[in-house]
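Just so it is clear: chains get the letters A, B, ... in the order the sequence lines come, proteins before strands, and each one is counted from 1. Source: prediction; values computed, not measured.
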Amino acid sequence: MTAGERATAPGKPNTGRTATADAAQDADRTGGSSLLRVADLSVRIAGLHILQGVSFEVASSGVTVLLGRNGVGKSTTLRAILGLTPRNGAATGSVRLGGEEILGRPTHALVKAGLGFVPEDRCVFAGLTVAENLRLAERTDTPDYDLVFGLFPELSKRAKQRAGSLSGGQQQMLSLGRVLLNPNKLLLIDEPTKGLAPKVVTEVAEALERAAQAVPVLLVEQNLAVVRRLAGDAVVIAAGQVAWTGPGERLLADPALTKSLLAVNAAGGH
Amino acid sequence: MTATPLTLLKRYWPVAAFVALALLPYSGITIPGLFDGPLNSPGALQVLALCLVFGGLAAGYDLLFGRTGLLSFGHALYFALGVYGTDILVTKYGYPLPLAALLAVLFATTIATALGAVALRVHGIAFSMVTLAFGQVGAILVARDPGGLTGGEEGLALNAAGLPDMFVGVVNTVNLYWLALAYLGLVVVVLHRVAQSPTGRVFAGLRDDERRVGVLGLDPYRFKLVSFTLSSSLAALGGVVYLLLAAGASPHVASSDLTLTLLVMVVLGGPGTRFGPVLGGVLFTYLDHRLTDFGGSDAVDSLPGVLAGPLSQPLFVLGTIFILAVYFFPGGLAGLGTRLTAVRRAVTSPPRP
Amino acid sequence: MSTIVLMTVTGLGLAALYFLVASGLSLVFGLADVLNFAHGLFLSVGAYATWWAAGNLPGAGSDGWGFVLAVLFGVVAGTVVAALVELVMIRPLYSRTIEQVLVTVGLSLAGVAALQAGFGADPRPFPRPSWTQQVVTLAGARVPLDRLLLIVAALVVLGLLLAFLRWTRYGLIIRAGVENREMVTALGIDVRKAFTLVFAIGGAAAALAGALSGVYFGSVSPTSGASLLIFAFIVVVIGGMGSVLGSAVAAVAVGLLQQFVNYYGTSGAGDICVVALLAVVLLWRPAGLAGKAATA
């Protein structure tokens, strides 16, 4: 088995213990160049074991993509990292940011410390204007409006419009813009192209590509065309566990593997 | 498993407790400090009967709150319909008591079905507020004395001439005591049967996660309405017993404070447990009664004013206890029991190798 | 005609009281998900503190600037009590909604009992400036000034609240938090600081309502908060939780409906109509008139 490619047959998921062992191997392999290290992360919500010992790493540059079929726990992973596990749930394990344990710290403190979060379904404040949405997100005295309006000129044109009246694509730009105003150590972005028209998907992907040049990204994405364009490393989750990790190219280059892990045909683009 | 006396006791202690309570009026024991007279004196029996009625009412309210997860602030309405409905039919229209009680409970059940059908259209806290508003209508109606029926602020004394002899007069307090005990027993049995039934399991499902019930293809709305209606009829029945005990109706029974009191009883006792709410209701009623005496006692009067003032208010003491209980004993008295059991097990069981 | 004017002004005066209580209740519920039964206590604290200050606080009195000072004292007392309640009692139960409601229920029971212990269960005559008892002629009707005082006070509070929500950073946080509290924290904002603030604001408005209801009714009693509170709850549900403007509109609807039906129908019928209005609104729009959004 080559380094960086350790497939576990889907349907025969590895146990929490081997996942931890994998994580240890990962640490050896990457030799500390990773920014975020998730080890043996388990999440239970309302008695259901959603994540069962997930371990992976996020490199200190570029885009790490979190892949998997619907409902395998990708969003749960992002939310658990950020301390957004619901009250009837609990997250255990370890999440280290630059060597520091962050699991269990309050969300607002983590975000202030530099974890920018772009949630699934955008979550813009519909009753607030675009300008107000952005103003609310400022965490620094020198918010980078040049960057945001440079990436998304639409936002400056529509500053006084209520966010609820924006199109899905514009809302996604606003949601990304809110995060990009501030300096970040890592961006956690959840399905930014979900439900968008193909042309808008391309725009968002471009913006993500530019953002990723400045700051590392952990991205949950279903659209393989976007993954192909952005991905450095890929982490595939199946049934609450890590089923495969390795370079994204290798995953996409192997139609059989892609099909078995993601139940999609990679050759067909998005 | 062999039926040792201990396992028998564990299994049948509720029955044993019930029998003991039923036989209690035949004992002349005096418990100094707890009751002023011997246990079978009319005064003590009256207090005990009130405790039992509120034990039953709290348990009935818990069917909504602890077992179905519905926080209603309008439960007093159905209790008041039992109290005032029976009172008005007996006193104003000369109906015989059983018929009046039956009609009042049926009426309360009908109203509960209708209002529940509206209130359950909304969820969570909004449901609580709507029930509060409906309950307030009851309180307003009682206070405004429509057609001279309710007696307004004065309340409406029960016309003893319309009652069976067995419920009239101080010497017959013991019969009221037994009636209250029967009511409590009925509520406990009904709730137990419901909890064991498929319907009861749906109630528990609604409390834990309503969506899962919906996924099973069951209509949460209908089950909630069943719970609401059943709980309300039990409250109305309790109202009938309370009316006989209090020998009349007073506007307090329709107030939102009464519902809040029931909520306090349930939370103190342990929501969703078999006997917790009963215990909470009994204990709260007893304390409320004793603290009223205690507040007027010399012991309190001799305290400095800052302490004596609040301590002379039973609701101040009980409200404070309640708040502390929410923080420190989330499972109520019943939860306290299981915690102690856990501690005892941890202490007594030999350490595992 | 003059009766209608008088009824309208009286109904609006009542609406003003409802709004003062409901606006805070609505913000607290919209932002923090706390159904605050202790809100009536803040009102009573405001009323009793004003009453006490008018008789005992140096410089305060029952007329002129002395009365303003007394009311100010009452408002400060209500604000402080509300902020303390949030910090000490609500905050440790963060996001445990039912427990928070239970604590406020316990607080409302114990608080009323404590007031009874301190000031007696019977209503106390409330000091009111003599000018509030005078009447002015308005569109042919003789209207008592106390009602106009209520309306003006409510309008001022409404204006201040809307300006605060519209133009300040905390106003922005509150409006966003009412919509989606989790997302506010995910932007790096500690939303709990805003909780204390809305409790304090709600406490201030309720305390002002307490002082003004003392002026209006001429007396203050430990349970006066509770009866206003129930109608304020209804206003909050009709107006939509979290919406200040919704509360204002709903308060006017409730106040006028209650006043007119109680006058032209039998006494008490207006109160029942209000509950019927609530039922109709809920069946029609379960989220209330404004939905769940802090309007600014």
Side-chain angles (χ1 to χ4, degrees), chain B residues 65 69 71 73 115 118-119 121-130 132-147 255-257 259-261 263-264 266-268 271 295 305-327 330, chain C residues 25 29 33-35 37 89 92-93 96-121 222-223 226-227 229-231 233-234 236-238 241 262 266-283 286-288:
Chain B
F65 178 67
L71 180 53
F73 285 119
L115 295 185
V118 174
R121 297 287 289 260
V122 290
H123 303 270
I125 295 291
F127 167 79
S128 309
M129 289 194 178
V130 176
L132 179 75
F134 286 158
Q136 185 62 12
V137 172
I140 293 166
L141 278 178
V142 165
R144 299 294 158 106
D145 193 14
S255 70
S256 58
D257 272 6
T259 311
L260 297 186
T261 314
L263 179 63
V264 170
V266 167
V267 173
L268 280 179
V306 188
L307 277 177
L311 282 183
S312 66
Q313 298 285 336
L315 270 182
F316 179 80
V317 179
L318 289 167
T320 309
I321 293 176
F322 173 66
I323 292 172
L324 294 175
V326 171
Y327 287 109
Chain C
L25 209 53
F29 185 82
D33 279 346
V34 178
L35 179 61
F37 269 87
M89 311 190 72
L93 298 171
R96 289 162 63 184
T97 316
I98 296 290
E99 278 93 338
Q100 286 174 332
V101 175
L102 296 179
V103 162
T104 65
V105 165
L107 197 59
S108 73
L109 294 176
V112 168
L115 286 174
Q116 275 182 8
F119 302 103
T223 52
S227 46
L229 185 67
I230 288 179
F231 284 101
F233 273 139
I234 294 176
V236 169
V237 178
I238 292 180
M241 298 165 197
N262 273 344
T266 56
S267 164
D271 304 17
I272 290 159
C273 278
V274 166
V275 176
L277 175 70
L278 170 78
V280 169
V281 168
L282 278 175
L283 291 177

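- By number of non-hydrogen pairs under 4.5 angstrom with chain C, the leading residue of B:T320, B:L71, B:L132 is B:L132.
- To the nearest 0.5 Å, atom CG of residue C:L102 and atom CG of residue B:L263 are 5.0 Å apart.
- B:S255 does not touch chain C: none of its heavy atoms, backbone or side chain, sits under 4.5 Å away.
- Using a 4.5 Å cut-off between heavy atoms, C:L107 contacts chain B through both its backbone and its side chain.
- To the nearest 0.5 Å, atoms CG (C:L25) and CE (B:M129) are separated by 6.0 Å.
- Proximity to chain C involves both the backbone and the side chain of B:L315, based on heavy atoms less than 4.5 angstrom apart.
- Taking every heavy atom of both residues into account, C:A113 and B:Q313 meet most closely at O-CG, 3.3 Å.
- Not less than 6.0 angstrom separates the ring centroid of C:F233 from the ring centroid of B:F73.
- Contact of the C:I234 side chain with the B:Q136 side chain is not registered, since no non-hydrogen atoms from C-beta on lie closer than 4.5 Å.
- For C:V274, no part sits under 4.5 Å from any heavy atom of chain B, backbone or side chain.
- Heavy atoms of B:I321 lying under 4.5 Å from chain C are absent altogether.
- Note that the CD1 atom of B:I140 and the CD1 atom of C:I230 stand 8.0 Å from one another [nearest 0.5 Å].
- One N or O on the side chain of B:Y327 and one on the backbone of C:M89 form a donor-acceptor pair closer than 3.5 Å.
- Across all their heavy atoms, C:A110 and B:F316 have their closest contact at O-CD1, 3.3 Å.
- In this structure, CG on C:L109 lies 6.0 Å from CG on B:D257, to the nearest 0.5 angstrom.
- Here B:G319 is the residue among B:G319, B:P314, B:P146 with the most heavy-atom pairs under 4.5 Å with chain C.
- Minimum interatomic distance between C:D271 and B:R144 (heavy atoms only, all atoms of both residues): OD2-NH2, 3.3 Å.
- We find the OG-CG distance between B:S128 and C:L35 to be 6.5 Å, quoted to the nearest 0.5 Å.
- Interface remark: B:F127 contributes no atoms to any contact with chain C (heavy atom separation under 4.5 Å).
- Contacts of B:V130 with chain C are made by both backbone and side-chain atoms, with heavy-atom separations under 4.5 Å.
- The environment of CZ in C:R96 is crowded: more than 12 heavy-atom neighbours from other residues, nucleotides or ligands sit within 6.0 Å.
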